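Accompanying notes for the structure given below.
All of these numbers come straight from a predicted model, not from anything done at the bench. Numbered from 1 within each chain, the chains take letters A, B, ... in sequence-line order.
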Protein chains: 2
Amino acid sequence: MHEVFFKKLNEAISLTGEEEAIFRTYLLPKKLRKKQYILQEGDVCKYSIFVEKGLLRSYTISDKGNDQIVQFAPEGWWISDMYSFITGEPARYNIDALEDAELVLISNPGMEELRKQVPKFLEFSFLQMRNAYIAFERRLSYMVNLTTEEKYTKLVQTSPDIVQRVPQHMIASYLGLTPETLSRARKQMSNRK
Amino acid sequence: MHEVFFKKLNEAISLTGEEEAIFRTYLLPKKLRKKQYILQEGDVCKYSIFVEKGLLRSYTISDKGNDQIVQFAPEGWWISDMYSFITGEPARYNIDALEDAELVLISNPGMEELRKQVPKFLEFSFLQMRNAYIAFERRLSYMVNLTTEEKYTKLVQTSPDIVQRVPQHMIASYLGLTPETLSRARKQMSNRK
DNA sequence: GGTATGCGTTGACATTTATCAATGGTATTT
DNA sequence: AAATACCATTGATAAATGTCAACGCATACC
């Protein structure tokens, strides 16, 4: 149980058996079927979610009804509405499953305890957060500086797996484009080469 | 010396005199004149920069020659090219002073030592990073979902000081707009009200 | 005091992207 | 096996934004 979770953790910080035992008391397993929600906008995000298996996404719905995908989370990734998770404010994001999924949930108090009781986990959390920060910073600059074609090409390079597993209109949403625009850009590209 | 630095730190984690002494051995003060660079694209970002006084910005220059401002850093804020800082790879960003500035620099080894020797600082770094992450995540969704006018209004609400201190074309760059588009949006808004 | 530079605005026009609508194909459901 | 939902593509058109150029104003510089 929770093999992927501990594998990922041990890659970064090797846990002793004792520490692993502490972790286990805070882990909440959960299965999610395709299309099921684990978080809906307006509710409080009570859990930080680790994906053991399957694929989740977080997304917002704007006033005009456009939705934008904030993040995809395949096996081994974390996902949540971080702001809601730490403040208890209503969530801005929806999170649901794009494929049947197995999850590990940890509450915010659980996280705090783990960071306290297992100092290595604080270190881990810091590094995680730093990487997430870098990724978003970069994504922001791509969003502004790249053309439609470049955005798509970049994503294919960096996350070919996601591009394959996810319908194209969701890729468009993630890139901040309409499905039509992405479709046309892809056609342009294939005509040229 | 370094009053703002320790004030900010003590707001979050109260340091003992001993801990403060440890910090002081890793701090490198530096003054920067308006328009001077502290980091240029292609160089390695050797320091994490805390702004005691003045105003810095980080920005990228794209292939097409457009520049985009990634971040403004007024007093009390941190700035760096995080990726370059931790990996030693060449920086993607330029960082320069928009106003005469006084800085506190810490190297990456310095940071690592401080996180080790002062565990509270690791906690602090984690929380910092988490906030920075949330800010960028939000900014990304604003970038995609908001109209030009909404982007500007939102920035005026959240950072009125920055909007006042910085030329308008830099605000436009930060928001991912051309100066012309921002100028016209502002005119629209003032006509309406 | 005069010149150069930086900045915001405006106009005309080009380009990109979004929107709306229709179609055909594929997968899913019953 | 038929019906339904989902999805990618395409065309026509509208809307938003970028680009290029010119101007006026203020400030900094010599």
Just checking Thr148(B): base, sugar-phosphate only, or nothing, at a heavy-atom cut-off of under 4.0 Å? sugar-phosphate
Looking only at side-chain atoms of Thr178(A), point me to the closest of dA18(C), dA21(C), dT9(C). dA18(C)
To the nearest Å, how far apart are Leu98(B) CG and dG6(C) P? 14 Å
Ignoring backbone atoms, establish whether Thr181(A) has a side-chain N or O less than 4.0 Å from OP1 or OP2 of dT17(C). no
Just the rounded figure in Å: distance from P of dT16(C) to CG of Leu146(A). 15 Å
Between Gln36(B) and Arg33(B) (side chain of the first, backbone of the second, donor and acceptor by atom type, cut-off under 3.5 Å), is there such a pair? yes
Using atom CG of Asn66(A) as one end and atom C1' of dT19(C) as the other, report the distance to the nearest whole Å. 11 Å
Might you work through the side chain to side chain contact (heavy atoms under 4.5 Å, CB included) test for Phe50(B) and Leu105(B), ending with a clear yes or no? CA-CA 6 Å; Phe50(B) 178 86; Leu105(B) 310 184; over 6 Å; no
Extract, from 5' to 3' on DNA chain D, the first and final nucleotides lying under 4.0 angstrom from some heavy atom of chain A. dC6(D) to dA12(D)
Would you check if Ile86(A) and Arg130(B) make a side-chain contact, meaning some heavy-atom pair closer than 4.5 Å? yes
Interatomic distance where CD belongs to Gln188(B) and P belongs to dG11(C) [whole Å]: 12 Å
Look at all strands and tell whether Arg184(A) reaches a base, only sugar-phosphate, or nothing, counting heavy atoms closer than 4.0 Å. base
Taking the six-membered ring for Trp, is the centroid-to-centroid distance between Tyr174(A) and Phe72(A) below 6.0 Å? yes
Quick one: do Asp96(A) and Lys35(A) make a salt bridge, cutoff under 4.0 Å? no
Is there a side-chain polar atom (N or O) of Lys187(B) under 4.0 Å from OP1 or OP2 of dT10(C)? yes
Using only heavy-atom distances, determine whether the side chains of Tyr133(B) and Glu137(A) contain a donor-acceptor pair under 3.5 Å. no
Between Glu180(A) and Lys34(A), who's closer to the 5' end of DNA chain C by nearest nucleotide? Glu180(A)
Please state whether the phosphate of dT9(C), meaning OP1 or OP2, lies under 4.0 angstrom from any side-chain nitrogen or oxygen of Gln168(B). yes
If only side-chain N and O atoms of His169(B) are considered, is one of them under 4.0 Å from the OP1 or OP2 phosphate oxygen of dG6(C)? no
Under a plain distance cut-off of 3.5 Å, with no hydrogens placed, do Arg92(A) and Tyr83(A) share a side-chain donor-acceptor pair? no
